[in-house]
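To keep things clear, I will list the structure first and then write my remarks on it.
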Amino acid sequence: MMPADSERTPGQVMCSRCKRRKALYLRTSSGEALCLQCLRDEVMRQASRSLASAGLSLRATLLVPISSFAPSASLLAAILTASIERRFKSRVIVAIPSFYEGLNSSFKLPEGLEGVTVDVRPWPPREADIISCVRYDRAWSTRAARLIGADAVVASLSRTDLTALLLEALLRGRPDEVFDSQPTLSVLGIKHVEVFSRIEREALAAIEFLEGLRLEPACRVLIKSKRVFMSVAGGPEMDYGALELSTKLAAEVKAPQLCMSCGAPSAGPLCDHCVALGLDRISVSLVGQHPGQA
């Protein structure tokens with residue numbers, strides 16, 4: 001990587017914003033070329049907007065779970081959340097589930113982040129549809145937040161992911177599943193905030209790669225509507241209107257009850273996804289001393 005103050009040399013593409021540094025990321029939808037610093041600034045700005053719009057209290061305790069299917073994005077979410085919330089004196093705790101038992105030895109949390117190991121049973125499947133993946137993570141992280149006494153869970157779905165969730169629900173003819181595509185929601189009394197809901201997935205993938213955050217997921221996510229998504233979006237970046245639509249649609253869904261595991265609208269005590277994942281017997285416990293203990 002070239003020094004930050006490098007000037008234009010033949011054959012280089014310079015950053016469209018600062019006009020000084022070498023561009024390392026090209027937005028396929030807009031053609032905008034960004035250097036690492038400007039890409040960081042853009043992701044930080046949009047993440048700050050997502051957190052601000054969630055109405056979090058000052059000095060809140062925020063739990064960032066390491067996702068079963070997007071662990072690199074989760075670590076990035078934890079790092080950025082800690083940086084953003086430092087001015088509000090919020091406490092940011094990273095929940096490392098037992099299916100990533102080697103993470104503590106292979107990755108050192110940056111300064112300002114606390115970590116807690118969470119024993120989760122059952123572990124996630126090797127692969128699953130995206131709605132099941134989201135509901136699995138939501139189920140265990142909500143319980144972990146309650147055990148720790150966190151005010152909110154900060155998750156790492158991008159606006160691309162949320163749009164894919166919306167399309168999956170609509171194409172499956174399941175309006176109740178639109179619930180999963182909202183940027184903020186309440187799950188069994190715990191607020192969940194998608195910190196990257198204003199950022200496209202390709203930008204996150206670029207910054208994860210450039211920052212060296214390359215973790216293998218425990219569960220491979222399957223997106224059945226991928227071809228439809230690409231044809232509708234015309235590329236990996238999607239208009240914000242899709243998020244507004246999902247929130248409005250979710251408000252119209254009237255379900256008999258909420259799933260006892262993931263909090264989604266459900267016809268019975270457990271939704272179909274949680275039944276298939278075996279989450280009727282989910283067990284979540286903290287391992288060793290955890291934040292808040294003497």
Side-chain angles (χ1 to χ4, degrees), residues 61 63-71 74 93-104 115-157 161 165 168-169 172 174 176-182 185-194 215-224 250 253 255-293:
T61 297
L63 184 73
V64 184
I66 302 300
S67 164
S68 64
F69 66 96
S74 300
I93 301 171
V94 181
I96 304 171
S98 50
F99 47 85
Y100 288 127
E101 52 193 354
L103 183 58
N104 282 320
V116 60
T117 302
V118 183
D119 184 55
V120 182
R121 305 289 169 174
W123 284 12
R126 295 277 184 184
E127 63 178 30
D129 64 275
I130 188 171
I131 296 177
S132 291
C133 290
V134 168
R135 293 192 179 187
Y136 175 84
D137 283 343
R138 195 188 300 136
W140 76 260
S141 63
T142 297
R143 285 159 177 78
R146 283 178 165 175
L147 291 172
I148 292 169
D151 299 294
V153 171
V154 178
S156 58
L157 292 177
D161 300 320
L165 282 163
E168 294 274 301
R172 279 165 49 87
R174 294 290 301 269
D176 56 302
E177 293 179 352
V178 171
F179 173 84
D180 300 282
S181 60
Q182 299 177 85
L185 46 82
S186 178
V187 179
L188 307 178
I190 298 292
K191 178 176 285 188
H192 283 241
V193 182
E194 301 297 345
L215 300 178
E216 284 297 316
C219 178
R220 176 172 170 262
V221 65
L222 304 176
I223 303 177
K224 297 177 181 177
V253 173
Q257 55 191 305
L258 300 179
C259 175
M260 295 171 57
S261 182
C262 71
S266 176
L270 289 175
C271 69
D272 296 343
H273 293 272
C274 288
V275 168
L277 292 168
L279 298 188
D280 55 327
R281 57 183 186 278
I282 186 172
S283 170
V284 177
S285 59
L286 304 182
V287 178
Q289 192 174 45
H290 62 84
Q293 286 186 322

Contact check, side chains of C262 and V187, non-hydrogen atoms, under 4.5 Å: no
Inter-residue atom distance L286.CG - R143.CZ, 0.5 Å rounding: 13.5 Å
pair D161-E194: side-chain heavy atoms closer than 4.5 Å: no
Side chain to side chain, V153 and P65, heavy atoms closer than 4.5 Å: yes
Side-chain heavy-atom pair F69, V134 within 4.5 angstrom cut-off: yes
Closest non-hydrogen atom pair between L188 and R146, with its separation: O-NH2, 2.6 Å
Closest heavy-atom pair and its distance - L185, R138: CD1-NE, 4.3 Å
H192-T142 side chain donor-acceptor pair, cut-off 3.5 Å: yes
Nearest atoms (heavy-atom pairs only) where Y100 meets A218: OH-N, 3.0 Å
Spacing of CD belonging to E177 relative to CD1 belonging to I131, to within rounding of 0.5 Å: 4.0 Å
Closest non-hydrogen atom pair, T61 against G149: CB-O, 4.3 Å
Atom pair CD (E127) and SG (C219), whose distance is rounded to the nearest 0.5 Å: 7.5 Å
Rounded distance (nearest 0.5 Å) linking atom CG of L222 with atom OG of S132: 9.5 Å
Least distance between heavy atoms, A152 atom then I190 atom: CA-CG2, 4.4 Å
Heavy atoms from other residues, nucleotides or ligands near CZ of R172 exceed 12 (cutoff 6.0 Å): yes
Working for side-chain contact (heavy atoms from CB on, under 4.5 Å), residues D129 and H273: CA-CA 9 Å; D129 64 275; H273 293 272; 3.4 Å; yes
Sidechain-backbone polar pair: S261 side chain, A139 backbone, donor-acceptor under 3.5 Å: no
Check: K191 and D151 side chains under 4.5 Å, non-hydrogen atoms: no
Interatomic distance, S156 atom OG to D137 atom CG [nearest 0.5 angstrom]: 8.0 Å
Between CE on residue M260 and SG on residue C271, distance to nearest 0.5 Å: 12.0 Å
Residue among I148, V94, L147 satisfying side chain to side chain contact (heavy atoms under 4.5 Å, CB included) with V116: I148
Parallel, tilted or perpendicular, as decided by the 30° and 60° cut-offs, for the rings of F99 and W123: perpendicular
Validation row: S266, D272 side chains within 4.5 angstrom (heavy atoms): no
Shortest non-hydrogen contact between L63 and A95, atoms and distance: CD1-CB, 3.7 Å
